[in-house]
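Take a look at the structure below.
Each ligand, and each atom within it, is numbered from 1 in the order the structure gives.
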Amino acid sequence: MDVVDPATGETVETYEEDDAADVEDALDRAEAAFDSWRERPRREREELLVSAAEILRDRKSEYAELMTREMGKPIEQAEGEIEKCAWVCEHYAEFASAYLEDEYHPSPPGSEVKTSYEPLGPVLAVMPWNFPFWQVFRFAAPNLVAGNVGLLKHASNVPGCALAIEEVLRDAGFPEDAFQTLLIPSDLVEDAIDDDRVKATTLTGSGPAGSAVASASGKRIKKSVLELGGSDPFVVLDDADLETTIEEGVWARNQNSGQSCIAAKRFVVHDDVYDEFVSGLVEGAEALTVGDPTDRDTEVGPQASADLMAELHDQVERSVEAGATLETGGEPLDRDGAFYPPTVLTDVPDDAPAARDELFGPVAAVFRVDDEEEAIERANDTRFGLGGSVWTTDRERGERLAHEIDAGCVYVNRVVASDPRVPFGGVGISGFGRELSEAGIKEFVNRKTVWVQ
Ligand SMILES: O=CCCC(=O)O
């Protein structure tokens, strides 16, 4: 596995891939580890998560630099990601016991009936490169503390991050085989899912990858959780506080260099404020500092690879050919590395890629609407359903519209963001199941009814 620094296009590291025999060995070890791990008192498992959080904070610079080198995340955002991983570890260290407490039910006199939450076993996680630490920790923290063991198949461009995560957990004191990284190509994933020792699967990534993992899991009657793409609407009503809304909109679209499933992708803007909003969005996009992700002033780094940038550019070109107006950006930067500028498209036709598909880079598509009803219609005119936001000074109006948007989460006057305290996941082709909070820790447990007469 070659790691190519997307800021320079140079190969910076090569890792040896694992093969089928390595997978076999890892599955054996995972199964054995589960037998003893599930018996460890939960309090001890929680304490290990506290140690993992400490290690993450101690090694924040080292891991942030690794992430920046492998997938180009601007360094300050990479440090923020490591902090968030520490937070999710601390969150589950504090709340896992309450989340997994036995639940007692009304029962006939003389009997006791409860639900207990017991671990399932080895869970295979297929994870993406865009938040290479966070996406893994939000799987690992709840599952390890619940008593499951983890097997990670990470994206092939971030093997160093995958191994570093394994290192954090081992150094924190988790048993060696409680969490293992498999540096395997995608074609070995189905074999692993087929294996009886793997009890469940979770994938964060693209629709086709999600469909493949869920199909293979379904064939073997194994539960899966999918967190796939999004095309989140950012709905700006006529009474929005425009200064704040524009500022937040620029960030909502360009965070993580535009490569986030919950980035705002379609801006649905009321006619009364449309012109002012668009000119603010364009000005904000042009003011962003694009460049070397190791530089602390950089706000938008490279796209994670030249291929991904080419795919994004093709979507922009096809949208413009279909009739969209390019307000700013729209051409790869003339320099080494996969740099794409913050881009704004207006007049986007309904059948253009920028309206229909997910654009996984710093490209905003803006739509003009005449009223609330049309805003909701436009917001819901997508097969995705991950997140969405509504911007208005009238909180009740915002909340009312939030209930009308078909998505796993809708934020009013706040940029959509995942948070350990609240469920995260989508509807439609954005996936199923939930991560984080109590909902997340209960995805891969046996909700066992115990009836004592
Ligand atoms: O790509 C998805 C974003 C995930 C997150 O921010 O938690």
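Using a 4.5 Å heavy-atom cutoff, the side chains of Glu17 and Pro159 are not in contact. Contact annotation: the side chain of Ile55 never approaches that of Leu169 to less than 4.5 Å [non-hydrogen atoms, C-beta and beyond].
Polar contact check, Cys261 against ligand 1: a nitrogen or oxygen pair lies under 3.5 Å apart.
If you number the atoms of ligand 1 from 1 as listed, the ones under 4.0 Å from a heavy atom of Gln135 come out as 1 (O), 2 (C), 4 (C). Of all atoms in ligand 1, numbered sequentially from 1 with element shown, those under 4.0 Å from a heavy atom of Asn130 are 1 (O), 2 (C). Per-residue contacts place Trp134 under 4.0 angstrom from the following atoms of ligand 1 (heavy atoms of the residue considered): 5 (C), 7 (O).
A ring-centre distance under 6.0 Å is found for Trp129 and Phe360.
Around atom 6 (O) of ligand 1, the closest heavy atom drawn from Gly387, Ala417, Ser418, Pro420 belongs to Ser418.
For the residue pair Ser231 / Thr382, no side-chain donor-acceptor distance below 3.5 Å is found, with atom types taken as modelled.
Ligand 1 is approached by Arg138 to a heavy-atom distance shorter than 4.0 Å.
Looking at Glu443, its side chain never comes within 3.5 Å of a backbone N or O of Gly440 through a donor-acceptor pair.
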